[in-house]
Each structure stands twice: as C-alpha cells, then as structure tokens.
2 protein chains.
Amino acid sequence: MSEHLLAGVVTPIARQSNLGELTYARLKEIIVAGSFPPNEKLTVRSVAAALGVSTTPARDAINRLLSEGALVNEGPKTVVIPSLTLDALDEVTATRLALEGLAAERSVLAAAPADVTALELMQAAINSGLDAADYREVLKVNREFHFLIYRLSGWPRLVAMIESLWLRVGPSLNELYPDFAQNRRGVSNHMAAIDGLRAKDGAKVRFAMEQDIRDGYVRLKAMITSRG
Amino acid sequence: MSEHLLAGVVTPIARQSNLGELTYARLKEIIVAGSFPPNEKLTVRSVAAALGVSTTPARDAINRLLSEGALVNEGPKTVVIPSLTLDALDEVTATRLALEGLAAERSVLAAAPADVTALELMQAAINSGLDAADYREVLKVNREFHFLIYRLSGWPRLVAMIESLWLRVGPSLNELYPDFAQNRRGVSNHMAAIDGLRAKDGAKVRFAMEQDIRDGYVRLKAMITSRG
DNA sequence: TCGATATTTTTGTTGCATCAAATATCAATT
DNA sequence: AATTGATATTTGATGCAACAAAAATATCGA
C-alpha cells in the first residue's frame, strides 16, 4: 500500500492557509521590522485596507497581536504599538533569559553537523552585513540565527512563546541597531554558541545566548533611559 | 479629588466587556475544570449555541485558545482539547519551572504581610478541602494560591504566559486529583513557600514552587505512562 | 484666544448569509 | 465483511451591514 511507501517521507499536514493567519504574519513582520511609526494608531479598517483584506481577518490579526502583548489598548477603541518602558524591558529580558536559556541548553540534544554549518553561514552573512552597514539584513539574519537554535529544542510551543517575546522588543531593537553595529560584541557570543553546539555542550550554548541577551539589554536600557 | 484617594487601591482599568472576551473566559473555565470530555470535537456553532452567543465571539474564543495551545487543530476543520502526551508534559513542565520559578523568586519584592495572611487562609481552605475530599475546591484554591504569588512579581505578561501553561495541564490535573489527594506532599511545599515569602527569601519561594511543580510532574507522568 | 459643549465622523463589535472545503453517511461492488 | 465511491451534511472562513460607543471636529460663548 502507498501508505507504507510514503510513511515518514511526506511531511505530515502543514495546513495553514487562512487569511487571518496570513494577515497576522504580515502585521507581525511589519511590527518587528519597525516599519510602523511608534504610537501610531491601528484600526481594523485601516489594516484591512492596507493589506487588501476585509475587516474580519484584520480584526483576527489585531486581536491576536493584542493577546500576545505586541499591541496594546490605549483607550477603548485605540490600539497602538506599545513603546517599551524600562519596566517592560526588565520583564521581557528576565523572561527571555529564562525561556531562551532553556531552549538553547536543549538545542544540543538534536543538533546535527548540518545545523552547525548553517549557523556558520548565517554568522558570515551577519559579518558581511555589518561591514556593509546593512542593518536590516543583519537584524533579519540575527533573528534566523537565534531561532534556528531555539527550534532545535524540539519544543514548538516554547519557540512560539519566545517569538511573542521578540515581538515586544523588535521595534526597539530596530531603533537601536545603527549604534549596536558599531560594537561587535554580539559576534563573539554567536561564535561561542556555535562552539558549544559543535561540542554538544548545552551549558555553554545557554551561557552564550544569555550573554547575547544581556548585551542587548544594556544597550536597550541606555536608549530608553536617554530618551526619557 | 477622588482620584488621589483611589490611586493604587482600585484595579487600574478593568475594561473588558466584549462578548468574545467573555466567551473566551467561560470556555477557559470549562477546559481547566476538565468539564469537557477529552478529545471531544469543538465547533464554532456548537460553542456558540452552548454559550448563547453568535458565531463571531465563539470563533474569537476558539481562535485565541488555539493560538495559546489550549486547543489544537486535529484536522483542517477539527479542533479538540489535546490529550497531554509525555513529550508535551515534559515541555510544559520545563517551561513552567522556568517561568513560575522566576515569578516566585520575584514575588518577595512586593509581598506584604496581608499577602502572607491570605496565603495562609488559602492553605487552610485547601486542607479542609482535602479532609472533605472536595477536589474541585482544592483544585480551585490551589490555583488561587499559586497565582497570588505569581501576581506579586508585578509582571502581568509573565503571569499571562504562566496562565496559558496551566491551561495545557489543567484538564489532566483534574483527572489526576483523586489520587493526588491521598498524599499530601503539596502541603509542605506550600508551607515552605509561605515561610519563604514571610522571610522575603526569594530563593526559598522559588525552590518550594519548583518542588510543587516537580511533584505534580511525577504524578502526571505516571498517569500518562499507565494509560499508554 | 481659550474652554466647554454640541455635532459629525470614525470605530469595534456583533450577527448573519454565503461559499468552498471537509466530513459524515450510505449504497454498491467486490 | 470490507472498501470504494457518490451524495448529503456540516463546517470554518470571509465579507458586510447595522448599531452603539468613542473620538474627532466644529461651534459657540466668554
């Protein structure tokens, strides 16, 4: 029977094509890319018009982002991208340390040589991006680097939770990056993570990723403090 | 002005009056209470009919639970309450240890004597419930006990994430409880947490809550393994 | 010019009809 | 009896209109 032939060969289901989901993904992209003026008001109808869908999927997407904390209600009918306060940064950072540390530590259990190679390629792309001062690209590949490691944990819900945390710092990270690029602290953290992964040393990977988070924290904190 | 008198006394906004939110809350209750036959199929229209609302709020509620992982898509048009697999239990437990440990440790920063008193009252209620074999009540107060501590962290998004984790173990915890009640291991963990909170010893509170989670894990694992 | 009030516009929510797709049902054939 | 295939039913997604509430704007009085 064909089931036997196909078993383990074909990907299981991978069904996920509804407009609400798509709208959510696009909005998410826009938010993490910092393409939205901070404190700009979002309305169901404006999102619907901008993305060419009706109000229903737009409302779905906004509500979902709202429930994740990536958007907040400022008034009863006013949703905005929240500006990161110092307290919110502290909360997100502590949570990130806990969850990303956990995922990083576990990543060595499933890490294959191909994963290490992929990470090395990504790091090369990050270095090129830094040389070319292409922050957009650096930010994008940096994100891929982190999440490749986190996905190795094999725990998809954990990864989803981490994603929702990145959604909260994403806009601010973007503001920060021209400065961040000056100083290449992140590079050594990433190299340490790769080393740890190659040696299947979970504690080392965890520490490297935690250090990366802490370095980012210091910069974000300085930015928030300075802008008052 | 009355604002000054009320500042810090009254809950901040408490704006939460839309049918979708309400439907979400009710469904959530039903799920954690284990009142739903496991693997029962949920449909938008059946939820709408059961709760006396139209399809829109019902769909909102189901989608939100879906995005939190409290419900899962089994087929393209089939959502069910997921039965906890061993791997899912491992994931939720590791995440709970990380997040609830964090919240517990931080709880001492804001803990007031009144909070300690409230926890002692709750523990008394738990003991009575155990004596009376009123598992429903024990489960409810146990939940309140944990979340009173977690809310003391002062980090609402962290608490929200923890809530979504409880939503995933809730149904199984319910199945478990008659057995759990035999053995009162949980009581000593709670007492240790109260002691730690009184002494403002964050590490002690963290350890006590972690131990409580681990004790529950052992029981849940045994149940899952036995039912195969 | 400024502040309060009235008016207009915009907004989220809700319910519902429609449609394509998925599921369930059942008969027919092997 | 089991499996296939056709048919009927159920389902989620989507768009849209109506409504009440909120926000924006205009108006007016001092």
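Predicted model, so just to flag it, every value in this text is computed and none were measured. Letters go in sequence order (proteins before strands), and every chain restarts at 1.
- At dG12(C), none of the side-chain N or O atoms of T55(A) fall inside 4.0 Å of OP1 or OP2 (strictly under the cut-off).
- Ranking dA22(C), dA21(D), dT14(C) by closeness to the K77(B) side chain, first place goes to dA22(C).
- Within 6.0 Å of atom CZ in R143(B), more than 12 heavy atoms from other residues, nucleotides or ligands are found, so the atom counts as buried in its surroundings.
- Atom CG in N73(B) sits about 12 Å away from atom C1' in dA22(C), given to the nearest Å.
- Residue T78(B) places its side chain closer to dT23(C) than to any other of dT14(C), dC16(D), dT23(C).
- The 5' end of DNA chain C is approached more closely, in terms of each residue's nearest nucleotide, by S54(B) than by the other of S54(B) and K41(B).
- Counting to the nearest Å, the C1' atom of dT14(C) and the CG atom of L51(B) are 15 Å from each other.
- Here dG12(C) presents its C1' atom at 11 Å from CG of D60(B), a figure rounded to the nearest Å.
- For the pair Y24(A) OH and dA13(D) C1', the computed distance is 19 Å after rounding to whole Å.
- Mapping V44(B) and G52(A) onto DNA chain D via the closest heavy atom, the residue that lands nearer the 5' end is V44(B).
- The nearest whole Å value for the distance from the CG atom in L19(A) to the P atom in dG15(D) is 6 Å.
- As judged by a 4.0 angstrom heavy-atom cut-off over every strand, L42(B) is placed among residues touching the sugar-phosphate backbone only.
- Of the candidates dG12(C), dG15(C), dC16(D), dG12(C) carries the atom nearest the T43(A) side chain, counting heavy atoms from C-beta on.
- A salt bridge is absent between E175(B) and R219(B); no separation between the charged side-chain nitrogens and carboxylate oxygens falls under 4.0 Å.
- Rounding to whole angstrom units, CG of residue N18(A) and C1' of dA21(C) are separated by 13 Å.
- Taking the charged nitrogens against the carboxylate oxygens, E21(A) and R64(A) do have a contact shorter than 4.0 Å, which makes a salt bridge.
- Residue R45(A) places its side chain closer to dG12(C) than to any other of dG12(C), dA23(D), dG12(D).
- Between D60(A) and D60(B), some side-chain heavy-atom pair lies under the 4.5 Å cut-off.
- Nucleotide dC16(D) holds its P atom 16 Å from the CZ atom of R59(A), rounded to whole Å.
- Using bins of under 30°, 30° to 60° and over 60° for the plane-to-plane angle, the ring pair H190(B)/H146(B) lands in the perpendicular bin.
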